[in-house]
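All values reported here derive from a predicted model rather than from experimental measurement.
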Protein chains: 2
Amino acid sequence: MKISLIDENANRLLQNEVIIKIRNLINAKNLERGDKLPSERIMSEKFGVKRNHIREAIRRLEFYGVLKSMSQSGTILAIGLVGFNGMIDEIISLDAPSFNELVETRISLELKTVGLASQRRTSADLKQIKKALNAFKAKISIGDDYLEEDLLFHLAIAKASKNSTMVSLMLLITPPILATYDRDTVCEGDIAISEIKKHEDIYLAIEAKNPELATKMMSDHFFKLKKHIEN
Amino acid sequence: MKISLIDENANRLLQNEVIIKIRNLINAKNLERGDKLPSERIMSEKFGVKRNHIREAIRRLEFYGVLKSMSQSGTILAIGLVGFNGMIDEIISLDAPSFNELVETRISLELKTVGLASQRRTSADLKQIKKALNAFKAKISIGDDYLEEDLLFHLAIAKASKNSTMVSLMLLITPPILATYDRDTVCEGDIAISEIKKHEDIYLAIEAKNPELATKMMSDHFFKLKKHIEN
DNA sequence: ACTCTTAAATTGGTTAACCAGTTTGGGTAC
DNA sequence: GTACCCAAACTGGTTAACCAATTTAAGAGT
């Protein structure tokens with residue numbers, strides 16, 4: 001999507017069609033930032049699609065901040081024409097992200113959040129991270145699937161970074177990773193034990209408020225994954 | 001979101017209420033990954049809200065990958081109960097991101113994309129970046145507002161990173177930044193000229209396929225902004 | 001008993017009518 | 001000529017009826 005993960009490919013193509021038509025219309029009319037678009041009903045009729053398709057397209061463009069829908073009044077262009085055209089192309093060409101892309105992005109994000117968390121964590125944050133770490137260790141020690149507990153550990157760290165935007169991005173990126181993850185390659189007995197050690201190292205670095213060390217530990221933690229996606 | 005920029009705060013609170021009720025229901029029934037939720041109509045009646053509110057809440061949770069709605073069949077829990085509960089708390093507590101958070105995230109992202117772009121850019125990518133750079137320079141030389149051209153330059157770089165996930169994130173993050181940006185503090189004559197130089201340096205580093213240099217140049221480019229948000 | 005068929009009930013999705021604000025423009029008072 | 005007002009038209013948002021696909025389970029046939 002969306003940034004979205006879900007294609008629901010049936011709809012998506014139609015929605016892109018509508019977006020392109022809106023783009024063409026805006027360009028044809030040479031609208032500028034703040035100008036009003038035709039009403040949903042009119043576009044619906046002119047484009048030959050149902051109104052809710054128009055609404056969906058507008059919602060999507062609103063999500064990316066290029067349109068702004070104003071209740072009982074109208075929809076306006078929320079950005080200049082230049083930026084609008086440049087963004088539209090990217091929005092409609094967003095395909096479903098690959099596993100490697102997602103992991104690459106996640107690693108980049110987490111190397112940042114763990115550093116920030118080391119600087120900004122409160123004692124309450126630390127407590128939460130510790131709690132997540134313990135749940136993770138408990139799950140691993142009984143040889144169970146620990147993927148979600150791992151996620152919550154990393155999420156707790158992101159939250160301690162005090163940057164809610166990065167938390168949002170983590171929330172967006174992680175689920176499709178979990179969905180794709182080959183669960184078999186994860187839990188591997190003794191290797192799982194070493195995973196505990198790495199998580200503890202990260203925790204200790206955050207506790208010690210040592211951003212450089214925390215970043216390095218997180219990087220080590222991702223080493224195997226990084227190698228994996230380079231194949 | 002949302003990650004979302006738009007609060008439409010009226011709706012948001014109700015939607016969070018519904019999400020919390022769905023959370024409670026799932027926990028009360030001890031659902032596991034793959035289990036079906038009650039139908040939209042039943043939840044609508046049980047929660048005392050209209051069905052479209054239920055649908056909106058489900059859509060949002062689907063967006064974050066915790067639910068999966070299956071046409072004419074039902075909605076299922078797409079994640080384990082542990083991960084579900086951990087994510088819900090974050091999702092409902094996502095407040096509108098502050099300017100500083102957004103900029104901090106953007107800088108982190110762009111330092112990564114510019115490095116990747118330096119490694120992976122094709123000649124076509126380079127051409128696109130050059131084109132965006134020229135548009136930027138043209139706009140600056142006539143003393144006009146260049147914010148959107150700047151955005152497109154950075155977007156072109158992100159695209160050259162060959163990571164569509166990062167492009168998505170850029171698209172999500174940048175608009176609220178533009179919206180908040182104090183346009184007055186940007187264009188300042190001779191300073192604007194030095195901005196051109198910095199952009200050209202970034203371009204040259206990407207052309208030379210030198211990730212380290214490109215990252216440094218991008219970092220320099222963001223130096224002033226970085227200082228600004230530290231106040 | 002067991003399997004296959006089939007029709008009724010249930011599902012998420014779609015549609016068109018409806019609603020309450022907002023905008024608009026012509027008419028009225030001065 | 002100008003300012004004001006108010007009703008008609010139009011706006012995005014909401015609602016409830018409708019749809020087609022799926023699921024369910026009862027029943028017929030063997």
From NZ of Lys68(B) across to P of dG12(C) the rounded distance in Å is 13 Å
Quick one: list whatever passes side chain to side chain donor-acceptor pair (under 3.5 Å) with Ser44(A), sequence neighbours left out.
none
Partners of Asp35(B) by salt bridge (Lys or Arg N to Asp or Glu O under 4.0 Å), sequence neighbours excluded?
none
For DNA chain D, find the residues of residues 16-32 of chain B with a heavy-atom distance under 4.0 Å and give them by number; none if there aren't any.
none
If the cut-off is 4.0 Å, is Ser39(B) near the phosphate of dT11(C), judged by side-chain N/O to OP1 or OP2?
yes
Would you check, one step at a time, whether the test side-chain contact (heavy atoms from CB on, under 4.5 Å) holds for Asp125(A) with Arg120(A)?
CA-CA 9 Å; Asp125(A) 292 327; Arg120(A) 301 173 183 170; over 6 Å; no
Got a donor-acceptor contact below 3.5 angstrom from the Glu62(B) side chain to the Ser69(B) backbone?
yes
What bend angle does the helix from dA1(C)-dT30(D) to dC30(C)-dG1(D) show across its length, from five-pair end axes and to the nearest 10 degrees?
30°
Any residue of residues 47-55 of chain B with a heavy atom less than 4.0 Å from an atom of DNA chain C:
Arg51(B), Arg55(B)
Going by ring-ring contact (aromatic ring centres under 6.0 Å, His included), name the pairs with one or both residues in residues 11-54 of chain B, residues two or more places apart or in two chains.
none
From CD1 of Ile58(B) across to P of dG12(C) the rounded distance in Å is 7 Å
Is a side-chain N or O of Asn24(A) found less than 3.5 angstrom from the main chain of Lys21(A), in a donor-acceptor match?
no
Separation of Glu45(A) atom CD from dT11(D) atom P, in whole Å?
11 Å
Roughly how many Å is it from CZ in Arg59(A) to C1' in dG12(D), rounded to a whole number?
12 Å
Measure CZ/Arg41(A) against P/dC19(C) and give the value in whole Å, please.
13 Å
With sequence neighbours left out, the residues meeting side chain to side chain donor-acceptor pair (under 3.5 Å) with Asn100(A) are none
Of all residues at least two apart in sequence or in a different chain, which pass the salt bridge (Lys or Arg N to Asp or Glu O under 4.0 Å) check with Lys159(A)?
Glu90(B)
His154(A) vs His221(A) aromatic rings, parallel, tilted or perpendicular, using cut-offs 30° and 60°?
parallel
Tell me every residue that passes ring-ring contact (aromatic ring centres under 6.0 Å, His included) with Phe84(A), counting only those two or more places apart in sequence or in another chain.
none
Below 3.5 Å is the cut-off: list the nitrogen or oxygen pairs between protein and nucleotides 22-26 of chain C, distance only.
{"unit_1": "dT22(C)", "atom_1": "O4'", "unit_2": "Gln72(A)", "atom_2": "O", "d": "3.4"}

Sorted by chain and number, sequence neighbours left out, side chain to side chain donor-acceptor pair (under 3.5 Å) with Asn134(A) holds for none
Can you measure Met70(B) atom CE to dT22(D) atom P for me and round it to whole angstrom units?
10 Å
Between Ser168(A) and Ser164(A), is there a donor-acceptor pair closer than 3.5 Å when you use the side chain of the first and the backbone of the second?
yes
Length of the line joining Met43(A):CE and dG12(D):C1', which is rounded to integer Å
11 Å
Can a donor-acceptor pair be found between the side chains of Thr75(A) and Glu40(A) at a distance below 3.5 Å?
no
Sequence neighbours excluded, the answer for side chain to side chain donor-acceptor pair (under 3.5 Å) partners of Ser108(A) is none
Rounded to whole Å, the CD-P distance (Glu40(B) to dG13(C)) equals 6 Å
